Amino acid sequence: MANLGNITNTSEILQKYRFRMQKKYGQNFLIDTNILHKIVEAAQITKEDCVLEIGPGIGTMTQYLAEAADKVIAVEIDKDLIPILDETLAPYDNVTLIQGDILKVDLHKLSREQAKDRPFKVVANLPYYITTPIIMELFESHIPLTSITVMVQSEVADRMQVGPGTKDYGALSLAVQYFSRPEVVTRVPASCFIPRPNVDSTVIRLTRHTSPPVEVTDEAYLFAVIRASFNQRRKTLVNGLVNAGNLGVTREQVEEVLTQMGISKTIRGETFTLERFAELSNRLAQGRR
Ligand code: SAM
């Protein structure tokens, strides 16, 4: 039985191993059974499922995942947590623990060797200092994942869902919406963690699209265009694209494409929808050097 989702058992195990929380690894451990149940339920895990957990910590959520899923692969960066995880996960023979940095792990190898290339679900209480790179890496690697259910900073969850014309709209909103359908599961108060984070948290589920909502000739180029457009928020889209220097297009080419699309040269990136970015990048890709 999962037994860690409360303050008493969590404190006990931390003291037993004299474990010191590491701020640099974004360590805020969940101590609320209700939230743990909600996350596992929202991830819709069944006994057929293979789950990838990023940052198991002391194994609190891992225990819940191990009981619900067929197999759990957990990747933890902090070597000092491994002996603790060996103890807390000992009752579960369906968990594979990998010590390493998720941003350096070969995701294709992991998918091939651990998940035997079958589709899997990602579930995590993410370290907040690298939320965006982790989400981008998971999607852009094109490993066969069907959903990502994660705890993130509320502000980041907001950025994932918004559309053009709002201050939170940017490269993350577009990338998340290109790859998936985002849905907020629940807001989580700081009192559900130790130590308490000094930001609000939200659980969000990103259900991967079976095919992207727009047609793009070169996905990497689309994301280069999007990043360039938001690099200099207060500049025009044309300046952002030209100043990026990695798109292989001249100012004249960008202006010509905008004219063909019937769009003003003074437009800013934050007003552009995903559909427009797709069209812009397809047209620019055709003429680039
Ligand atoms: N899952 C646990 C829970 O819910 O109580 C811990 C969550 S804590 C917010 C984030 C976890 O991610 C920590 O255990 C931390 O050591 C781990 N972590 C931080 N950076 C990581 C990285 N680059 N790769 C893998 N794990 C990482």
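What you see is a predicted model; the values in this text were computed from it and never measured. Counting starts at 1 for both ligands and their atoms, in listed order.
Among all heavy-atom pairs drawn from Val162 and Asp168, the shortest one is CG2-C, 3.7 Å.
The atoms of ligand 1 that sit less than 4.0 Å from any heavy atom of Val75 are 25 (C), 26 (N). Of all the atoms in ligand 1, the ones that sit under 4.0 Å from a non-hydrogen atom of Leu81 are 14 (O). Close approach of ligand 1 to Gly100 is summarised as follows: ligand atoms under 4.0 Å from at least one heavy atom of the residue are 24 (N), 25 (C).
With a 4.0 Å heavy-atom cut-off, ligand 1 is reached by the side chain of Tyr129 but not by its N, CA, C or O. Using a 4.0 Å cut-off between heavy atoms, Thr62 makes no contact with ligand 1 at all. Contacts between Glu53 and ligand 1, counted as non-hydrogen atom pairs separated by less than 4.0 Å, involve the side chain only. By the criterion of a heavy-atom distance under 4.0 Å, neither the backbone nor the side chain of Ala124 is placed next to ligand 1.
From Phe29, atom CZ reaches atom CG of Leu81 across 5.0 Å, with rounding to the nearest 0.5 Å. Separating the CG atom in Asn239 from the NZ atom in Lys265 is a distance of 12.5 Å, to the nearest 0.5 Å.
The closest protein non-hydrogen atom to atom 27 (C) of ligand 1 is Ile77 CG2, 3.4 Å. In this structure, atom 23 (N) of ligand 1 lies nearest to the protein heavy atom Asp101 OD1, 2.8 Å. Counting protein heavy atoms only, atom 2 (C) of ligand 1 is closest to Pro56 O, 3.4 Å. For atom 8 (S) of ligand 1, the closest non-hydrogen atom of the protein is Gly26 O, 3.5 Å. Scanning all protein heavy atoms for the shortest distance to atom 24 (N) of ligand 1 gives Ile102 N, 3.0 Å. Tyr25 O, 3.1 Å is the protein heavy atom nearest to atom 19 (C) of ligand 1.
Here atom 13 (C) of ligand 1 lies nearest to Gln27 when heavy atoms of Lys79, Met61, Gln27 are compared. Of the candidates Gly55, Pro133, Cys192, Gly5, the one placing a heavy atom closest to atom 1 (N) of ligand 1 is Gly55.
With a 6.0 Å radius and a threshold of 12 heavy atoms from other residues, nucleotides or ligands, Lys47 has its NZ atom above the threshold. No more than 12 heavy atoms of other residues, nucleotides or ligands shown are found within 6.0 angstrom of CD on Glu41.
Taking any N or O of Glu76, backbone or side chain, at least one lies under 3.5 Å from an N or O belonging to ligand 1. Note: no N/O pair closer than 3.5 Å links Leu126 and ligand 1 by distance alone. The shortest N/O to N/O separation between Leu30 and ligand 1 falls below 3.5 Å. At least one N or O atom of Asn125, backbone or side chain, sits closer than 3.5 Å to an N or O atom of ligand 1.
Within the 4.0 Å heavy-atom shell around ligand 1 one does not find Leu36. Within the structure, the closest approach of Asn28 to ligand 1 falls below 4.0 Å when heavy atoms are considered.
Taking 4.5 Å as the limit, some side-chain heavy atom of Ile134 sits within range of a side-chain heavy atom of Pro127. At a threshold of 4.5 Å between non-hydrogen side-chain atoms, the residues Thr131 and Val150 do not count as touching.
Side-chain contact, Ser180 with Arg208: no donor N or O sits under 3.5 Å from an acceptor N or O. Counted by atom type alone, Glu256 and Gln260 present one or more donor-acceptor pairs between their side chains at under 3.5 Å.
His142 and Phe179 have perpendicular rings, their planes meeting at more than 60° on a 0 to 90° scale where under 30° would count as parallel. The aromatic rings of Phe277 and Phe230 lie tilted to each other, with the angle between the two planes from 30° to 60°.
The backbone N or O of Thr8 lies less than 3.5 Å from a partner atom in the side chain of Asn6, making a donor-acceptor pair. The main-chain N or O of Ser141 is found under 3.5 Å from a side-chain atom of His108 such that the two form a donor-acceptor pair.
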